[in-house]
> 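Structure in structure tokens, see below.
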Amino acid sequence: MNVLLCPLSDPGYLYPALAAGRELSRRGHTVQVLGGPDAAPAVTAAGLGPAAVAGRAALSVTHWTVRGPEQYAAVAGAVRALRPDVLVTSVLNHGALVAAEAAGLPVVVLGLAAHLWPYRTGPDDGCGRAWRLARTLEHYTALREGAGLAPRRDRFPDTPLLGTAFLLRGHPVMEVPGAELPPAVRHVGPCWWEPAPPVPEPLPAGGPVAYVHLGRTFGGSSLWPRLNAAFASGTYRAVVELGRSGAPEAAPDARLAIGRRAWMGPLVERADLVLTNATSAPVLAALLYGKPLLVAPNGSEQQVLAAACLRAGVARRLPEAGADAAALRGAVEDTGRDPGLCARVREVGGLLADGKSEARAADAVESAAR
């Protein structure tokens, strides 16, 4: 079987696809990768030499709403050149969905840690699922029309976004109780892989450490004022991963070590808690390494995933913007030393870390290609 991986090239999307690709390669399948130029080092580290290169912005999640035509052109060109039997892509890579449909190919979509869109049945958790689906379909439909494909007549509006199979990287415990997922959607687990760091990075000395991972603000509140207040005093220090956020805004007296890194596991493993806007990679890392979560969501998937973590009992919520320093500092201290929270994190993390997620993802790809 000839598999084309065409995920978004940002680490949170690229690395799970490479994890699945490594397992497919181990099973004897030919695995080829389409990625942006920045993806090449990770692809090489995964032992899956890049087969095709897209433009720098075409496969960036930052530009997914406006780069659909470039996504489509890049994936369609790779399909013509490499002649795959099946595509493996990321949620929000609509160019791959449209290219697969145009070529008559099955496509497996790697989703996030929780389902973003409406369930088939079940209660509404107030996280804007219907609105989020409508906005996503606007971009998908415009791209599909631009590609000249005939109108679809699907029973459910989310059907074209789910591909042949849609794989969630969390666990059912993170979904709304009593909700029914669409038939194409299944949980496979984290598909956790990342390149090894070049050298071990020292953690700040002098007390327990929080690993902080910043997401985009989407017009919401920046975490920096709360970080500066929470870590100006108290027992905790913090290592801050800037992720796809903007420039750091650390106060001179805040005990914060700041950087952009291509990996997080070794730091999360040695940290005492994880503070995040609630995107999939830091949430899954915290659970896999047994670290309690403190969440501060803004937009996009952050609200859904933060609600999932709170519902599953693996997180507390950081006080909102404007809270005083004592409340913020107390939230960090209390989260790190809550024995019930830590026990629940280890329990849910154990459900995720069963070592079978890449195998389940590879099974889904093999089944889709039959």
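Position 1 is the first residue of the sequence; numbering continues from there.
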> If the threshold is 4.0 Å, N to carboxylate O, is there a salt bridge linking D154 and R152?
yes

> What pair of heavy atoms forms the shortest contact from L112 to S280, and how long is it?
CB-OG, 3.2 Å

> Could you name each residue pair satisfying ring-ring contact (aromatic ring centres under 6.0 Å, His included) that touches residues 55-104, not counting sequence neighbours?
W64-H94, W64-H139, H94-Y140

> Could you tell me whether the side chain of L287 reaches within less than 4.5 Å of the side chain of L293, counting heavy atoms only?
yes

> Heavy atoms only: give me the nearest P151-R153 pair and the separation to one decimal.
CB-NH1, 3.4 Å

> Give a yes or no on whether a salt bridge exists between D272 and R237, defined as a side-chain N under 4.0 angstrom from a carboxylate O.
no

> Below 4.5 Å, heavy atoms only, C-beta onward: do L149 and E101 meet side chain to side chain?
yes

> Regarding R329 and S233, do their side chains bring together a donor and an acceptor under 3.5 Å, going by distance alone?
yes

> Is a donor on one side and an acceptor on the other found under 3.5 Å between the side chain of R344 and the backbone of A312?
yes

> Could you tell me which non-hydrogen atom of E358 sits nearest to which non-hydrogen atom of W192, and how far apart they are?
OE2-O, 3.4 Å

> Is the terminal nitrogen or CZ of R120 (NZ for Lys, CZ for Arg) located under 6.0 angstrom from the six-membered ring centre of F156 and within 45° of that ring's axis?
yes

> Treating N277 as the side-chain partner and A296 as the backbone partner, does any N or O pair qualify as donor plus acceptor under 3.5 Å?
yes

> How far does CG of L5 sit from CG of L110, to the nearest 0.5 angstrom?
9.0 Å

> Is there a side-chain contact between V314 and M174 in this structure, where contact means two heavy atoms from C-beta onward sitting under 4.5 Å apart?
no

> Taking all heavy atoms of G336 and all of Y236, pick out the closest pair and write down the distance.
CA-OH, 3.4 Å

> Same cluster or not: are L4 and L24 linked, directly or through other Ile, Leu, Val, Met, Phe, Trp or Tyr residues, by side-chain heavy atoms under 4.5 angstrom apart?
no

> Do V88 and L105 share a hydrophobic cluster, counting only Ile, Leu, Val, Met, Phe, Trp and Tyr and linking them when any side-chain heavy atoms are less than 4.5 Å apart?
no

> Salt bridge check, E241 against R260: does any charged N sit closer than 4.0 Å to a carboxylate O?
no

> Membership question, hydrophobic clusters at under 4.5 Å side-chain separation (ILVMFWY): are V33 and L92 in the same one?
no

> Could you see if V345 belongs to whatever hydrophobic cluster contains V348? Use Ile, Leu, Val, Met, Phe, Trp, Tyr and a side-chain cutoff under 4.5 Å.
yes

> Looking only at heavy atoms, which two atoms of P16 and R169 are closest? And how far apart?
CG-NH1, 3.4 Å

> So does Q302 get a backbone contact from the side chain of S300, meaning a donor-acceptor N/O pair under 3.5 Å?
no

> Between S90 and P7, is there a donor-acceptor pair closer than 3.5 Å when you use the side chain of the first and the backbone of the second?
no

> Find out if a path of hydrophobic residues (ILVMFWY) with successive side-chain heavy-atom gaps under 4.5 Å connects L97 to L137.
yes

> In terms of the angle between their ring planes, are Y211 and H213 parallel, tilted or perpendicular, with boundaries placed at 30° and 60°?
tilted

> Would you please test E366 and R27 for salt bridge (Lys or Arg N to Asp or Glu O under 4.0 Å) and show each step?
CA-CA 10 Å; E366 290 177 332; R27 296 183 182 192; 2.8 Å; yes

> Side chain of S245, backbone of R216: donor and acceptor closer than 3.5 Å?
no

> How close do W117 and V91 get, counting heavy atoms only, and between which atoms?
CH2-CG2, 3.8 Å

> Judged by atom type as modelled, is there a donor-acceptor pair below 3.5 Å linking the side chain of N2 to the main-chain atoms of D85?
no

> Within the distance-only criterion (no hydrogens, no angle test), does the side chain of T44 pair as donor or acceptor with the backbone N or O of A40 below 3.5 angstrom?
yes

> Does one side chain, of E333 or T235, offer a donor that lies under 3.5 Å from an acceptor on the other?
yes

> Within this structure, what is the CG-SG distance for the pair L167 and C191, rounded to the nearest 0.5 Å?
7.0 Å

> Counting only heavy atoms not in R83 (residues, nucleotides, ligands), do more than 12 fall under 6.0 Å from its CZ?
no

> Among H115, E175, R360, find the one that has a side chain to side chain donor-acceptor pair (under 3.5 Å) with H187.
E175

> What's the separation between atom CG in N228 and atom CG in L256, rounded to the nearest 0.5 Å?
6.0 Å

